[in-house]
S.K.: 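Have a look at the structure that comes next, please.
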Amino acid sequence: MENDTPPWSRAEFEQKLREKERYYHIHHELHQLMHSGQVDKPVIQGWVANRFYYQTSIPLKDAAILSNCPSPEVRRHWIQRIIDHDGTPDEEGGIEAWLQLGEAVGLSREDLWSQKHLLPGVKFAVDAYVDFARRQPWEVAASSSLTELFAPTIHQSRLDSWPAHYPWIEPQGYAYFRKRLSEARRDVEHGLAITLDYYRTREQQERMLEVLQFKLDVLWTMLDCIWMAYIAKRPPYHNLGGRP
């Protein structure tokens, strides 16, 4: 039976979306420790290495959205997200910037591309997100990206705190975070407009809150896995002597 409750107004719906910020991974204990300078080098390296898998999967997610989208106008806008990460022959993208972050924290490019440090739980969460984007209507998959509403805060917090707490990180490593400050704000404007236009009934709007929570769960689960491996010192199969 369809929900016959009146829909939220556009402003009310946007506020409901923004209230989901309380579940954003900036509030995860691992991030709080990193931002306050309370973790050691292996933890930072583990986070960078595992997050790299997410970074390289973002263009796959966006390509999946494009493949399901019949609107040339939307595709012309959305394809910029792929370019932002993959770059062009003339300009480096976000993946290259993350590789530079890896080098800045003492990892090699081979370390990152080989996935030697990738935790199975992180891989499972990220793959689930890409699969979601492939299977859902393009509007639903696009709106799952709205965790970008909260992203500028987390990037700025790293730029503000990490140089003081972790002076051993080479300065070029921060290029990704500076780059995403403006890109994320641009992406939010476009993604939010799609979301507010598409979800019109209360049932649809409540569904969108579930979709946004799913993406928040993906990001939170990634940190849970990294916490277990690098803070609690309980990596996968630790009681069996390690991964096969």
S.K.: Please tell me whether Y24 and W220 form a close aromatic pair, meaning their ring centres lie under 6.0 Å apart.
M.R.: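 Between W220 and Y24, which both carry aromatic rings, the centre distance is not below 6.0 Å.
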S.K.: Got a salt bridge between R10 and E14, using NZ or NE/NH1/NH2 to carboxylate O under 4.0 Å?
M.R.: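 The answer is no: the pair does not qualify as a salt bridge.
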S.K.: Check whether any side-chain N or O of N50 sits under 3.5 Å from a backbone N or O of G46 as a donor-acceptor pair, and report yes or no.
M.R.: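 Flag set: sc N50 to bb G46 pair under 3.5 Å.
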S.K.: Is the CZ atom of R109 crowded by more than 12 outside heavy atoms at less than 6.0 Å?
M.R.: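 Enclosed: over 12 neighbouring heavy atoms sit under 6.0 Å from CZ of R109.
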S.K.: Would you say the side-chain atoms of D62 and H85 include a donor-acceptor pair closer than 3.5 Å?
M.R.: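 Note: D62 and H85 side chains miss the donor-acceptor criterion.
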S.K.: Does the side chain of Q213 come under 3.5 Å of the side chain of K20 through a donor N or O and an acceptor N or O?
M.R.: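 Short answer, yes.
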S.K.: Is it true that the side chains of S144 and K215 contain a donor and an acceptor less than 3.5 Å apart?
M.R.: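 Not at all, the side chains of S144 and K215 share no donor-acceptor pair under 3.5 Å.
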S.K.: Do the side chains of R81 and E148 get close enough for a salt bridge, i.e. N-O under 4.0 angstrom?
M.R.: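 Looking at R81 and E148, the cut-off is met.
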S.K.: When you check the gap from the basic side-chain N to the acidic O, do E183 and K179 get nearer than 4.0 Å?
M.R.: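 Result for this pair is yes, salt bridge flagged.
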S.K.: With clusters built from Ile, Leu, Val, Met, Phe, Trp and Tyr whose side-chain heavy atoms come within less than 4.5 Å, directly or transitively, what are the remaining members of the cluster of L66, listed by chain and number?
M.R.: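 Reading the cluster by chain and number, L66 sits alongside I65, V74, W78, I79, I82, W138, I194.
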S.K.: State, without any angle test, whether Q80 and H190 hold a side-chain donor-acceptor pair at a distance under 3.5 Å.
M.R.: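 Judged by distance alone, the side chains do not pair up.
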S.K.: Does one side chain, of Y176 or Q55, offer a donor that lies under 3.5 Å from an acceptor on the other?
M.R.: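 Yes, side-chain donor-acceptor contact under 3.5 Å.
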S.K.: L107 and side-chain contact (heavy atoms from CB on, under 4.5 Å): which partner among L99, I44, L101, V48?
M.R.: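 Only match with L107 under side-chain contact (heavy atoms from CB on, under 4.5 Å): V48.
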S.K.: Measure up the Y166 and W162 rings against each other and bin them: parallel (under 30°), tilted (30 to 60°), perpendicular (over 60°).
M.R.: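 Y166 vs W162 ring planes: perpendicular.
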S.K.: With salt bridge (Lys or Arg N to Asp or Glu O under 4.0 Å) as the test, would you mind laying out the steps for K16 and E12 before giving the verdict?
M.R.: CA-CA 6 Å; K16 294 289 185 182; E12 289 171 333; over 6 Å; no
S.K.: Before you tell me yes or no, could you show the steps for Y129 and S57 under side chain to side chain donor-acceptor pair (under 3.5 Å), namely the whole-Å CA-CA distance, both residues' side-chain angles and the distance that decides it to 0.1 Å?
M.R.: CA-CA 9 Å; Y129 179 42; S57 297; over 6 Å; no
S.K.: With the threshold set at 4.0 Å, does a side-chain nitrogen-carboxylate oxygen contact exist between R207 and E203?
M.R.: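 Looking at E203 together with R207, the answer is no, because their closest N to O distance does not fall below 4.0 Å.
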S.K.: Are side-chain N/O atoms of S108 and D111 paired as donor and acceptor at under 3.5 Å?
M.R.: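 D111 and S108 do have a side-chain donor-acceptor pair below 3.5 Å.
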S.K.: Kindly write out the residues that satisfy ring-ring contact (aromatic ring centres under 6.0 Å, His included) with F13, not counting sequence neighbours, or none if the list is empty.
M.R.: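 Here no residue qualifies.
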S.K.: Taking ring-ring contact (aromatic ring centres under 6.0 Å, His included) as the definition, give me every residue that meets it alongside Y23, ordered by chain and number, with sequence neighbours left out.
M.R.: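 Result, ring-ring contact (aromatic ring centres under 6.0 Å, His included) vs Y23: none returned.
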S.K.: For D197, does its backbone N or O pair with a side-chain atom of R200 as donor and acceptor, under 3.5 Å?
M.R.: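 Between the backbone of D197 and the side chain of R200 there is a qualifying donor-acceptor contact (under 3.5 Å).
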S.K.: Just wondering, are more than 12 heavy atoms of other shown residues or ligands nearer than 6.0 Å to CD in E19?
M.R.: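 Yes - once you tally the heavy atoms of other residues, nucleotides and ligands closer than 6.0 Å, there are more than 12.
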